[in-house]
Amino acid sequence: MTCKMASLADLQKWRDALFEARANGLRSFRDQNGEEVTYSSDREMAAALAAIDREILTMTAGRRPSTIRFRTSKGI
């Protein structure tokens, strides 16, 4: 079995579907693979949303540069 990372677009779709389900008071929803996911509480759904948000932030924030070079002059 191979493990494939979800794309940014996939994560955003999952987040939108989960957010919509939570907003409508639903505790379960069917993902794009046809699997039904059921959450036992609103707190569990909130934790799932937070995890997806963190993953999206990680993918969109990019990496910080490891070296910063300053190029200065006295203006002469």
Side-chain angles (χ1 to χ4, degrees):
M1 182 172 115
T2 60
C3 182
K4 179 181 152 190
M5 291 260 321
S7 70
L8 179 59
D10 289 339
L11 288 173
Q12 290 169 333
K13 286 179 194 174
W14 295 339
R15 188 203 182 286
D16 292 344
L18 183 56
F19 184 82
E20 185 177 336
R22 184 178 182 214
N24 290 326
L26 302 174
R27 293 291 169 250
S28 64
F29 75 101
R30 191 168 304 279
D31 66 11
Q32 78 279 2
N33 295 329
E35 298 174 358
E36 186 165 331
V37 180
T38 303
Y39 294 92
S40 61
S41 67
D42 184 64
R43 181 177 288 182
E44 190 176 13
M45 289 182 92
L49 279 168
I52 294 171
D53 285 340
R54 281 191 304 273
E55 190 64 34
I56 289 171
L57 182 63
T58 299
M59 293 179 89
T60 58
R63 291 178 20 179
R64 291 185 172 188
S66 60
T67 304
I68 299 174
R69 296 183 185 191
F70 295 96
R71 186 173 192 175
T72 62
S73 72
K74 293 184 178 183
I76 298 177

In a table with atom names and distances, give each donor-acceptor pair under 3.5 Å that connects a side chain of residues 40-52 to protein atoms at least two apart or in another chain.
unit_1 : atom_1 : unit_2 : atom_2 : d
S40    : OG     : E44    : OE1    : 2.7
S41    : OG     : R43    : N      : 3.4
S41    : OG     : E44    : N      : 3.1
D42    : OD1    : R22    : NE     : 2.7
D42    : OD2    : R22    : NH2    : 3.0
E44    : OE1    : S40    : N      : 2.7

**Q.** Which atom of L11 lies closest to which atom of E55, heavy atoms considered
**A.** CD1-CG, 3.4 Å
Q | Exercise: identify the closest heavy-atom pair between M59 and L8 | A | CE-N, 3.7 Å
Could you state the interatomic distance from [atom1] ([X]) to [atom2] ([Y]), rounded to the nearest 0.5 Å?
| X | Y | atom1 | atom2 | value |
| --- | --- | --- | --- | --- |
| D53 | R15 | CG | CZ | 4.0 Å |
| F29 | F19 | CZ | CZ | 13.5 Å |
| K13 | L18 | NZ | CG | 16.0 Å |

**Q.** Set of residues satisfying side-chain hydrogen bond (donor to acceptor under 3.5 Å, both in side chains) with respect to E36, sequence neighbours excluded
**A.**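 Only S28, R30 meet the side-chain hydrogen bond (donor to acceptor under 3.5 Å, both in side chains) criterion with E36.
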Q) Residues two or more places apart in sequence or in another chain: which of them pass side-chain hydrogen bond (donor to acceptor under 3.5 Å, both in side chains) with T72? A)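 Testing T72 for side-chain hydrogen bond (donor to acceptor under 3.5 Å, both in side chains), a comparison that skips the adjacent residues, returns none.
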